[in-house]
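Numbers here simply count residues along the sequence, with the first being 1.
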Amino acid sequence: MADLFNEPAFWMLLLFLGPLLCSVPISVSLGCAACFLLWKWDLGIMMLSYNFYAGIYKFPLLAIPFFILAGVIMEKAGIAERIIRLINELVGSVTGGLAIATVAVATFWGAVSGSGPATVAALGLVLIPGMVKAGYDKAFATSVVSVSSGLAIIIPPSIIFIVYCDIMPQVSIGALFAAGILPGIVVALALMIVVRLLSARAGYRGTPRTPGELGRAFRNAFWGLVTPLIILGGIYGGVFTPTEAAAVAVFYGLFIGFFIYRTLTLKILLDILISSLQGSAVVMFVVTCAGLYSWVGDTIGFIPKIGNILLNISDNPWVVLLTINVMLFFAGMILEAIAIMYVFMPVLLPVVAHFGWDPLWFGVVATVNMAIGQVTPPVAVNLFVGANISGLRIEEIAKPAIPQVAAVIVALALISLFPAISTFIPKMMGMY
């Protein structure tokens with residue numbers, strides 16, 4: 001027992017999981033555990049400030065606050081509401097049309113936001129009351145918005161993709177963005193099929209179209225529809241880098257809000273800046289603390305040990321891949337996506353190299369797991385945001401979310417079994 005108490009890996013896990021189970025924020029749990037090990041085992045406490053600085057002083061990470069700001073601007077400018085109206089006119093007349101439209105809108109909004117909780121906040125305020133008014137059960141409506149908003153971290157641009165490329169610098173952000181397109185569509189189609197079946201069973205009928213409304217809705221939504229083309233087209237066309245694309249998205253959103261839709265004012269802009277500052281600070285603090293925790297784990301030899309354990313499970317790569325997917329699934333229940341990336345990816349990199357797996361494909365597989373984690377309690381950040389909007393309890397939303405989560409798991413299995421789903425577009429575009 002004494003040997004166990006003298007083992008730094010034991011304290012690394014205990015000081016992280018213990019506070020986490022007591023509802024201490026993830027970033028604080030990670031940071032405090034890392035700082036204790038730095039001090040107790042004399043790993044160089046003087047390196048703390050430098051490690052904090054080095055953890056976030058990276059040009060690619062600058063895209064994160066810009067994409068957060070761009071997403072908030074697009075929401076406040078009224079783009080989300082116009083996109084919802086257009087897609088509802090396109091598919092809202094079929095059985096379960098509003099539920100299908102919700103998945104479609106979340107897929108589109110993923111090409112603007114890059115954050116699951118932000119997508120729930122942007123779309124839920126409009127979609128949840130709209131679905132309830134059309135006769136949908138509020139818990140079902142909230143679950144559809146919450147689960148489909150996980151697409152925001154799969155469809156590019158994605159904050160999680162940016163973090164993955166920070167950990168795996170040999171992977172191009174642009175190539176990983178391209179790799180997320182087809183998997184995102186696969187997940188969206190799986191969700192559409194399930195919500196269509198659930199809607200048919202519950203008797204949720206479509207809403208009749210209004211003559212002439214489709215054309216009007218398209219004209220109103222046109223400037224919003226162009227947004228992903230500007231962001232992704234500029235990246236893939238070599239006009240600007242992903243970080244520069246994020247800055248372009250900010251100014252494009254301001255242009256739409258002030259001069260096209262005229263929905264933004266200086267007061268609203270101040271609120272946007274405050275909200276974006278708070279969101280960016282939270283994300284970057286998690287990045288810093290998780291990066292420090294990962295560095296300490298590598299220094300004490302904890303990360304290599306875990307990697308060796310995974311390699312000793314089996315010589316069959318499919319068995320190991322299944323184990324990793326299960327591990328990430330349960331990690332998603334208690335950890336935030338960015339923390340999972342920094343804590344688990346360094347452990348999994350030797351496994352990826354050992355089996356010769358494509359790091360581009362593996363990044364997509366890991367990110368789809370993160371999307372599932374955003375709706376699996378007890379953490380379930382998307383469900384929490386949905387609960388705050390709808391006024392329901394997490395338990396009420398979680399039950400109708402189960403078949404939808406199962407659909408995403410089926411999509412994950414397809415993406416895991418067929419790496420070409422992820423690599424086809426990057427190879428076709430000569431990016432990989």
**Asked** How about Leu123 and Ile83: do any of their side-chain heavy atoms sit closer than 4.5 Å?
**Response** no
**Prompt:** Below 4.5 Å, heavy atoms only, C-beta onward: do Cys165 and Leu176 meet side chain to side chain?
**Reply:** yes
**Prompt:** Is a side-chain donor or acceptor of Asp166 paired with a backbone partner of Ile162 at a separation under 3.5 angstrom?
**Reply:** no
**Item:** Partner residues of Ser422 under the side-chain hydrogen bond (donor to acceptor under 3.5 Å, both in side chains) criterion, sequence neighbours left out
**Value:** none
**Item:** Minimum heavy-atom distance between Ala99 and Ser199, given as atom pair plus value
**Value:** CB-OG, 3.8 Å
**Message:** Closer than 3.5 angstrom, by distance alone: can the side chain of Ser416 be matched with the main-chain N or O of Leu412 as a donor-acceptor pair?
**Reply:** yes
**Prompt:** Is a donor on one side and an acceptor on the other found under 3.5 Å between the side chain of Tyr136 and the backbone of Gly130?
**Reply:** no
**Request:** For Trp361 and Ile421, indicate whether the former's side chain and the latter's backbone hold a donor-acceptor pair under 3.5 Å.
**Result:** no
**Request:** Assess whether atom CZ of Phe218 is packed by more than 12 heavy atoms of other residues, nucleotides or ligands within 6.0 Å.
**Result:** no
**Asked** Atom CZ of Phe344 and atom CD1 of Ile167: how far apart are they, to the nearest 0.5 Å?
**Response** 12.0 Å
**Prompt:** Under a 4.0 Å N-O cut-off, is there an ion pair linking Glu81 with Arg85?
**Reply:** yes
**Message:** When you measure from the side chain of Ser158 to the backbone of Ile153, do you find a donor-acceptor pair of N or O atoms at a distance under 3.5 Å?
**Reply:** yes
**Item:** Euclidean distance, Thr102 OG1 relative to Leu127 CG, rounded to 0.5 Å
**Value:** 4.5 Å
**Prompt:** Given Leu264 and Phe255, is the side chain to side chain contact (heavy atoms under 4.5 Å, CB included) satisfied, shown in steps?
**Reply:** CA-CA 10 Å; Leu264 296 182; Phe255 171 75; over 6 Å; no
**Side chain Tyr204, main chain Leu198, donor-acceptor under 3.5 Å** = no
**Message:** Just checking Phe424: does its CZ atom have more than 12 heavy atoms from other residues, nucleotides or ligands closer to it than 6.0 angstrom?
**Reply:** no
**Asked** Between CD1 of Ile68 and CD1 of Ile272, what distance do you get to the nearest 0.5 Å?
**Response** 14.0 Å
**Request:** Work out which heavy atom in Ala139 is nearest to a heavy atom in Glu396; give both atom names and the distance.
**Result:** CB-O, 3.5 Å
**Asked** Less than 4.5 Å apart, any side-chain heavy atom of Phe66 and any of Val248?
**Response** no
**Complete:** Of all heavy-atom pairs linking Val103 and Ser148, the shortest is CA-CB, 4.0 Å
**Prompt:** What is the minimum heavy-atom distance between Pro117 and Asn382, and which atoms define it?
**Reply:** N-OD1, 3.3 Å
**Item:** Leu292 vs Leu38 side-chain heavy atoms within contact, under 4.5 Å
**Value:** yes
**Asked** Mind checking whether Trp223 and Arg82 have side chains closer than 4.5 Å, heavy atoms only?
**Response** no
**Message:** Just verifying a value: how many Å separate Met370 CE and Met341 CE, rounded to the nearest 0.5 Å?
**Reply:** 4.5 Å
**Distance (rounded to the nearest 0.5 Å) between Ile154 CD1 and Ile372 CD1** = 8.0 Å
**Prompt:** Would you call Met327 and Leu348 a side-chain contact if the rule is heavy atoms closer than 4.5 Å?
**Reply:** yes
**Message:** Within a 6.0 Å radius of atom CZ on Phe240, are there more than 12 heavy atoms belonging to other residues, nucleotides or ligands?
**Reply:** yes
**Message:** Using side-chain heavy atoms (C-beta onward) and a distance below 4.5 Å, is Leu86 in contact with Asn220?
**Reply:** no
**Request:** Flag the pair Leu254 / Leu269 as yes when at least one side-chain heavy-atom distance between them is below 4.5 Å, and no otherwise.
**Result:** yes
**Complete:** dist Phe222:CZ -> Ile256:CD1 (nearest 0.5 Å) comes out at 10.0 Å
**Asked** Do Ile155 and Ile181 pass the side chain to side chain contact (heavy atoms under 4.5 Å, CB included) test, and can you show the C-alpha distance, the side-chain angles, and the key distance before you say yes or no?
**Response** CA-CA 6 Å; Ile155 298 287; Ile181 295 175; 5.8 Å; no
**Message:** Is it the case that the side chain of Tyr342 and the backbone of Cys289 share a donor-acceptor pair, with hydrogens and angles ignored and the cut-off at 3.5 Å?
**Reply:** no
**Asked** Ile79 and Tyr261: side chain to side chain contact (heavy atoms under 4.5 Å, CB included), yes or no, with the steps?
**Response** CA-CA 9 Å; Ile79 293 176; Tyr261 296 152; 3.9 Å; yes
**Asked** How are the rings of Phe362 and Trp357 set relative to one another: parallel (under 30°), tilted (30 to 60°) or perpendicular (over 60°)?
**Response** parallel
**Request:** Please report the closest heavy-atom contact between Ser146 and Leu383, naming both atoms and the distance.
**Result:** CB-CD2, 3.7 Å
**Message:** Using only atom types and a distance under 3.5 Å, with no angle test, would you say the side chain of Thr227 pairs donor to acceptor with the backbone of Gly224?
**Reply:** yes
**Request:** Any chance you could lay out the side chain to side chain contact (heavy atoms under 4.5 Å, CB included) test for Ile64 and Val163, step after step, and finish with the verdict?
**Result:** CA-CA 9 Å; Ile64 294 178; Val163 170; 4.1 Å; yes
**Request:** Might you point out which heavy atoms bring Ala249 and Ile231 nearest each other, and give the distance in Å?
**Result:** CB-CD1, 3.7 Å
